[in-house]
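First up is the structure itself, then whatever we jot down about it.
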Number of protein chains: 2
Amino acid sequence: MIKTGLFENIAEVSEEARNAFIGYLEEIDAEKGYKMEKAGEVSNYLFYIAQGSARSFYIRDNRDITVSFSLEGEFVTAMHSFITRSPSYETIETLEKSLLYRISYENLQRCFQEFQDLERVYRIILEKYYIALEEQMIFSKFKSAKERYLELMEKKPKIIQRASVGHIASFLDMTIETLSRVRSKI
Amino acid sequence: MIKTGLFENIAEVSEEARNAFIGYLEEIDAEKGYKMEKAGEVSNYLFYIAQGSARSFYIRDNRDITVSFSLEGEFVTAMHSFITRSPSYETIETLEKSLLYRISYENLQRCFQEFQDLERVYRIILEKYYIALEEQMIFSKFKSAKERYLELMEKKPKIIQRASVGHIASFLDMTIETLSRVRSKI
DNA sequence: CTGATATTTTGACTTTTGTCAAGGTAGGGT
DNA sequence: ACCCTACCTTGACAAAAGTCAAAATATCAG
């Protein structure tokens, strides 16, 4: 089990809490296209991507729209469903062969009840995710298709290497054709 | 002091924690245009809007861009700055005469150290804010100016009543002119 | 290696939104 | 009431991005 990095950069966690949390983790060796969460079902797990990458998407008007990409070292789940315990509108799938760890909703709550420092870690992760999302929103406002693409290249170049044109285009809120033209003129 | 509603809908908080938190609150009777947080300064307070409304914005290319609106019953701060303790890029101001309560960063941390249930409340608030932000992003993808406006009307009609055309337009990522035309054709 | 299939690029054209400029309207202060 | 200043609306035109269709390229199973 390679769990290095899971607690990196995060506030001090007691040995005890750490072991309890790790004890609940389930390892998954996922092939490309493995569905971590499915639209229509309640999201039951918080995932940690040890190796690989994933994308979250939903379908609207027969269109596959990418919501987010997650790379190794990141946590991911269908947050809305995970928090509200209602069916997810998004599906999350691996973009390549990946090594995942997951903890169930119930066990995560159990950890919070037992160990205050874990709740704090989770809170700090949430904060980071919140400001990342906020930045993403803010900095794409009033930017052209080209500017949005250049920004992605600068901030998350790995995504461009791993995802298809279609996935990147919908993530950047433009059509495949527009993205193709943008790329050809760089 | 009217603090009703502050803990509404939020998990059980002990009488003790509640009192500690309330003890730290500072009441502010703010006029319209009161600057709750200023761009360039580190955000030092978490605000609760008891009455009134606020908007968060930043300036780019000489353009005033609205990031979010907050209504009574909501918490607000320049999250990025508040969390990272670095200067804020956004300014938050009241849209009308408002009754605010605020707690400083230091005192909030103090509360967390002392009362686990407050940390949990904060975590739950964060979760709600996260999914609200996510929804906002997700559902505006591949929507026309008109659709974005209609959605705002449906989901947060109060904003349309209280904010100016300029504020609403930049929030919806369109020009004032486009918004004006959209509104004239409903 | 080859053919079948999916993905990406390119071209022609349309629609949407933005820009600039000119009027119009509403509200505050004197 | 009147001016002054915001703010909002409208029109003409320009730019950006979308749509549809076809061609080019890449991927993969056999």
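Chain letters run A, B, ... following the sequence lines, proteins first and then strands; every chain starts at 1. Not measured: the values here are computed from a predicted model.
In this entry the distance linking NZ of K32(B) with P of dG27(C) reads 12 Å, nearest Å. Put simply, NZ on K146(B) is 19 Å from C1' on dG18(C), counting in whole angstrom units. Atom CZ in R183(A) sits about 6 Å away from atom P in dT9(C), given to the nearest Å. One atom, NZ of K185(B), and another, P of dC8(D), lie 18 Å apart when rounded to the nearest Å. For the pair N62(B) CG and dT19(C) P, the interatomic distance rounds to 13 Å; values are reported in whole Å. Atom C1' of nucleotide dT19(D) and atom CG of D61(A) are separated by 15 Å, given to the nearest angstrom. Rounding to whole angstrom units, CD of residue E147(B) and P of dG18(D) are separated by 13 Å.
Applying a 4.0 Å cut-off to non-hydrogen atoms, the residues of residues 155-179 of chain B that approach DNA chain D are S164(B), V165(B), G166(B), I176(B), E177(B), listed by residue number.
Side-chain atoms of L133(B) and M79(B), non-hydrogen and from C-beta on, never get closer than 4.5 Å to each other.
If you check the side chains of T77(A) and S43(A), you find a donor sitting under 3.5 Å from an acceptor.
For R85(B) and Y105(B), the positive end sits near the middle of the six-membered ring, less than 6.0 Å away and at most 45° from its axis. For R63(A) and F142(B), the positive end sits near the middle of the six-membered ring, less than 6.0 Å away and at most 45° from its axis.
A close approach under 4.0 Å does occur between a side-chain nitrogen or oxygen of R63(B) and OP1 or OP2 of dT19(C).
The base of dT19(D) lies close enough to the side chain of R181(A) for a donor and an acceptor atom to sit less than 3.5 Å apart.
Atom CD of E16(B) is surrounded by 12 or fewer heavy atoms from other residues, nucleotides or ligands within 6.0 Å.
Pairing for dG30(D) goes to dC1(C), judged as Watson-Crick or G-U wobble with the two contacts each under 3.5 Å.
Anti is the classification of dA6(C), since its glycosidic angle lies more than 90° from 0.
Note: F139(B) and Y89(A) meet the aromatic proximity criterion, with ring centroids under 6.0 Å apart.
Here N107(A) contributes atom CG and E26(A) contributes atom CD; the two are 9.5 Å apart, rounded to the nearest 0.5 Å.
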